Amino acid sequence: MDPLCIFGLKGSNLVYTYWAYGLKVGSQIPFPELFSIEEDGPMDLDIVFGDIPLIEKTDAGFHSADYDITPDAYRITIKDVASYHVSEGKRIIISADPNADQDSIRLFCLSNAFAAALHQRKTIPLHCSAILDKGELVLVFGASGAGKSTTMAALLQKGYKPFSDDVCVPVFDAESNELRLFSSYPMMKFWKETLDLTGYSLKVDRKIRPDIEKYGMYYHDDFMTASFKPKLIIVLEKDDKFDTSVIDPIGGIKLFQLLEANAYRGEYLGFSDLKKEHFMLFTQLANQARCFLLKRPASGNFIQEVANKIINLLN
């Protein structure tokens with residue numbers, strides 16, 4: 001089957017143009033998750049359907065049935081969905097399974113393939129949520145299950161505007177000697193459990209994949225394509241020794257290690273030749289923002305308590 005048939009675009013040469021992850025993106029297929037732009041010039045990144053090129057195996061790279069990773073080329077194969085090939089940070093080729101659904105094809109492109117493109121462009125995306133407060137960013141880090149999504153949901157309920165769901169893209173401004181961050185794209189993603197905890201007061205638009213209970217909330221009208229400085233970093237942790245939430249300043253090697261653990265798709269970094277960029281990014285981030293470790297109990301609903309502690313810091 002022609003892969004464009006999956007998207008109802010057989011025989012079409014239409015090119016959709018978007019802004020995402022700080023890049024101008026030209027795509028052969030529509031991405032409702034992304035922020036549309038009108039752009040006739042060259043794109044930073046192209047997304048097309050086609051055959052997946054062979055990546056030469058090297059001793060310095062990583063190679064398996066599902067992955068090939070080198071500094072300049074990347075392939076991932078997602079069973080029953082698609083294979084993605086990324087080269088030089090400029091081109092993503094998708095070879096889709098004929099029975100795959102559109103949402104899944106787009107989702108893995110927006111996560112794995114975009115992360116690889118950024119790494120190839122010598123950029124390390126950060127795995128964090130973010131809100132904008134008085135023209136500067138509040139970044140919320142945390143391992144899976146720590147509570148990033150529920151914390152963001154509570155902050156949105158209290159009137160804060162989303163900046164990014166779970167990825168921010170750092171850029172160094174040489175003129176101001178400061179780190180600034182771009183958002184990824186205008187969709188927040190919430191598990192059903194989070195929506196239950198917030199009483200479904202957040203309007204969601206659709207499931208992000210047909211077979212999982214996770215929902216997308218678009219915010220195209222409030223989306224910001226500019227980059228902003230980070231002013232506050234919150235690292236969330238669950239701890240079964242606590243029966244209430246505790247927040248304390250954090251710095252030094254402990255902070256560096258916690259930030260380092262939150263490089264987006266950090267498992268790629270060892271094969272992407274980014275050691276210098278890796279050290280500079282997390283050092284600059286730790287030096288530029290106020291940083292706190294917020295520990296919450298491992299069980300129970302502490303969503304409002306956690307959100308209020310962050311708001312107290314902002315006030």
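Note that the structure is a prediction, hence the values are computed from the model and not measured. Positions are given from 1 along the sequence.
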Quiz item: In the single-linkage hydrophobic clustering (I, L, V, M, F, W, Y; side-chain heavy atoms under 4.5 Å), do I29 and Y16 co-cluster?
Solution: yes
Quiz item: Does the side chain of S164 pick up a donor-acceptor pair with the side chain of S184 at under 3.5 Å?
Solution: yes
Quiz item: Should I105 and Y84 be marked as a side-chain contact (heavy atoms from CB on, under 4.5 Å) after you check the CA-CA gap, both sets of side-chain angles, and the distance that decides it?
Solution: CA-CA 10 Å; I105 293 170; Y84 304 84; 4.1 Å; yes
Self-check item: Sequence-distant partners of P71, side-chain contact (heavy atoms from CB on, under 4.5 Å), two or more places apart
Solution: D273
Exercise. Using a strict cut-off of less than 4.0 Å between a Lys/Arg side-chain nitrogen and an Asp/Glu carboxylate oxygen, indicate whether K207 and D103 qualify as a salt bridge.
Key: no
Exercise. Answer yes or no: are there more than 12 heavy-atom neighbours, outside E56 itself, under 6.0 Å from its atom CD?
Key: no
Self-check item: Contact check, side chains of L156 and F190, non-hydrogen atoms, under 4.5 Å
Solution: yes
With a 3.5 Å cut-off and sequence neighbours excluded, list the donor-acceptor pairs that the side chains of residues 242-254 form with protein atoms.
residue, atom, partner, partner atom, Å
T244, OG1, E305, OE2, 2.9
S245, OG, E305, OE2, 2.9

Self-check item: Within residues 136-152 or reaching into it, pairs that qualify as side chain to side chain donor-acceptor pair (under 3.5 Å) - sequence neighbours excluded
Solution: none
Self-check item: Whether F35 and H220 hold their rings parallel, tilted or perpendicular, with breakpoints at 30° and 60°
Solution: parallel
Exercise. State whether R206 and E33 are salt-bridged, where the test is any N-O pair (Lys NZ or Arg NE/NH1/NH2 against Asp/Glu carboxylate O) under 4.0 Å.
Key: yes
Practice problem: Please determine, by modelled atom types, if Q304 and K158 share a side-chain donor-acceptor pair under 3.5 angstrom. | Solution: yes
Quiz item: Which residues pass the salt bridge (Lys or Arg N to Asp or Glu O under 4.0 Å) test with D44, sequence neighbours left out?
Solution: none
Self-check item: Criterion side chain to side chain contact (heavy atoms under 4.5 Å, CB included) against I131, the qualifying member of L155, I310, L232, L139
Solution: L155
Exercise. Please say whether more than 12 non-hydrogen atoms of neighbouring residues, nucleotides or ligands are located less than 6.0 Å from CZ in F172.
Key: yes
Exercise. Please determine if K229 and D173 form a salt bridge, counting it only when a charged side-chain N lies under 4.0 Å from a carboxylate O.
Key: no
Self-check item: Within-4.5 Å side-chain heavy-atom neighbours: R265 and N112
Solution: yes
Self-check item: Side-chain heavy-atom pair S87, H85 within 4.5 angstrom cut-off
Solution: yes
Self-check item: Set of residues satisfying salt bridge (Lys or Arg N to Asp or Glu O under 4.0 Å) with respect to E39, sequence neighbours excluded
Solution: K24
Quiz item: Is there a donor-acceptor pair closer than 3.5 Å between any side-chain N or O of Y21 and the backbone N or O of F114?
Solution: no
Quiz item: Are a donor atom and an acceptor atom from the side chains of N262 and H127 found within less than 3.5 Å of each other?
Solution: no
Self-check item: Listed partners of D211 passing salt bridge (Lys or Arg N to Asp or Glu O under 4.0 Å), at least two apart
Solution: R209
